[in-house]
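Both counts, for ligands and for their atoms, begin at 1 and track the order of listing.
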Amino acid sequence: MAIVSLPKIKHVRAFTVRGGGADYHDQGEGHWIDNHIATPMSRYPEYRQSRQSFGINVLGTLVVEIEAEDGTIGFAVTTGGEPACFIVEKHLARFLEGRSPTEYEKIWDQMYFSTQYYGRKGLVINAISGVDLALWDLLGKLRQEPVYHMLGGAVRDELQFYATGARPDKAKEFGFIGGKMPLHHGPAEGIEGLHKNIAELADMRAKCGDDFWLMWDCWMALDVDYATRLAIAAQEYGLKWIEEAISPDDYWGYAQLKKNVPKGMLVTTGEHEATRWGFRMLMEMDCCDIIQPDVGWCGGVTELLKISALADAHGKMVVPHGSSVYSYHFVITRHNSPFAEYLMMHPGPTEVVPMFHPQLIGEPVPQNGRLKASALDAPGFGVELNREIAMHRPYTH
Ligand SMILES: C[C@H](O)[C@H](O)[C@@H](O)[C@@H](O)C(=O)O
Ligand SMILES: [Mg+2]
């Protein structure tokens, strides 16, 4: 029987798109995700009410399209916008065009080490992730297989999700296994702000009952002392984990915070970390209990396979940040990823809407906080790009 040889890659194209989707902070007025959420910029009163005021949505979405010689197109979306388009078109495309899409290891290696002198984390790794995810989508479409089949198949029948948003009480109603709230007040608001945080937690604990998971997402806003005092005060309300409390660069601070928090409370981080080397640092310095790579920001699926195996060896759970279908196809195949995050993108949030709405046609939405593995049974990541949305290709090559 002849070996199947897939058509080679013909074109790589990069586009920008605005309005929600992969750059999910790019929302309209009055959305919970932009309402007085504590950040490292909260020390400046003018930037305290809105994260958009300091530019959290300045990049917008990067769409990567990879077209094979037979016309099949794989695509992916992530955060990156116009500068990421430049990196894809002017730098990364040369490592794909004319190659087989099966060479994703060599392609990843060349994308990473050719940009190492100006990349390694952040925007460049977002761009590499976008290309890698589009490559896996193309492979699945050419092989007529869902990505999760190519990653080893489902290790459980369904995915279960916790929900991120300002209304854990609604998340409980919708059947999610927990609710992660944005932290609203940081150190700049002093002890009054800390008491307001605790009052919000106490209110949600009263509404959600004793057993529902409640977590805080602190979006890099705190210092070790404030995070420690907050965690201790939150213990009586059963806070399950304190997430991304301090700067992603402060590995030493995370190691200290993990020692300081009350026994039984988990420390989590990783959504702004990248590559196997960054996560090796988090694990070897014992910074956290759960790592939370974003599949569109950490290096893509090819890199997440390495990160996840390293975490497994360290006995750490891997619960990817958001990432929509890119997370679902990964999590369903990993024993050390027992649940996934669902970012609630309705403005309330008082409804469950697709996470990357409106960019992905066919994007699966959890029912009762769960998704059957069979919901992922379509080629590639199982979604199509919503081409009704205005796309702009700022650069060519
Ligand atoms: C809710 C948080 O402030 C972020 O907006 C969120 O996207 C991220 O930190 C998360 O873990 O979902
Ligand atoms: Mg987070």
Q.
Is there a polar contact between ligand 1 and E243, counting only N or O atoms under 3.5 Å apart?
A. yes
Q. Ligand 1 and W32, any nitrogen or oxygen pair closer than 3.5 angstrom?
A.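 Between W32 and ligand 1, no N or O pair is found under 3.5 Å apart.
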Considering only non-hydrogen protein atoms, determine which one is nearest to [atom] and report residue, atom name and distance to 0.1 Å.
atom                    : result
atom 7 (O) of ligand 1  : Y24 OH, 2.7 Å
atom 3 (O) of ligand 1  : R51 NH1, 2.9 Å
atom 12 (O) of ligand 1 : E341 OE2, 2.5 Å

(Q) I'd like to know if the side chain of S308 reaches the main chain of L305, judged simply by a donor and an acceptor atom lying under 3.5 Å from each other, with no hydrogens or angles considered. (A)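 No.
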(Q) Has N386 got a side-chain atom pairing as donor or acceptor with I361's backbone, closer than 3.5 angstrom? (A)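 No; judged by distance alone, with no hydrogens or angles, the pair does not exist.
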Q: Take atom CZ of R280 as the centre, draw a 6.0 Å sphere, and report whether it contains more than 12 heavy atoms from other residues, nucleotides or ligands.
A: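 Atom CZ in R280 is not packed in, count stays at 12 or less.
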Q: Just jot down the side chain to side chain donor-acceptor pair (under 3.5 Å) partners of S324, sequence neighbours excluded, or say none.
A: E363
Which atoms of ligand 1 have any heavy atom of [X] under 4.0 Å away?
X    : result
I33  : 5 (O)
K180 : 10 (C), 11 (O), 12 (O)
L343 : 7 (O), 12 (O)
W219 : 3 (O), 4 (C), 9 (O)
H25  : 4 (C), 5 (O), 7 (O)
H321 : 7 (O), 8 (C), 10 (C), 11 (O), 12 (O)

**Q.** Within 45° cone of F330 ring axis and under 6.0 Å: R334 NZ or CZ
**A.**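 Yes, a cation-pi geometry holds between R334 and F330.
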Return yes if a side-chain donor-acceptor contact under 3.5 Å exists between [X] and [Y], otherwise no.
X    : Y    : value
Q49  : N35  : yes
Y254 : T269 : yes
T268 : Q292 : yes
W136 : T302 : yes

**Q.** H321-Y24 aromatic ring centre distance below 6.0 Å
**A.**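 Centroid separation for H321 and Y24: below 6.0 Å.
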Q.
Centre-to-centre under 6.0 Å for F279 and H314, is that the case here?
A. no
(Q) Please state which option from T164, T39, T268 has its nearest heavy atom closest to atom 1 (C) of ligand 1. (A) T164
Q: Inspect the contact between E236 and R205 and indicate whether a charged nitrogen and a carboxylate oxygen are less than 4.0 angstrom apart.
A: no
Q. Do any protein N, O or S atoms sit under 2.8 Å from the Mg ion (ligand 2), and which ones are they?
A.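 Atoms qualifying: D217 OD2, E243 OE2, E271 OE1.
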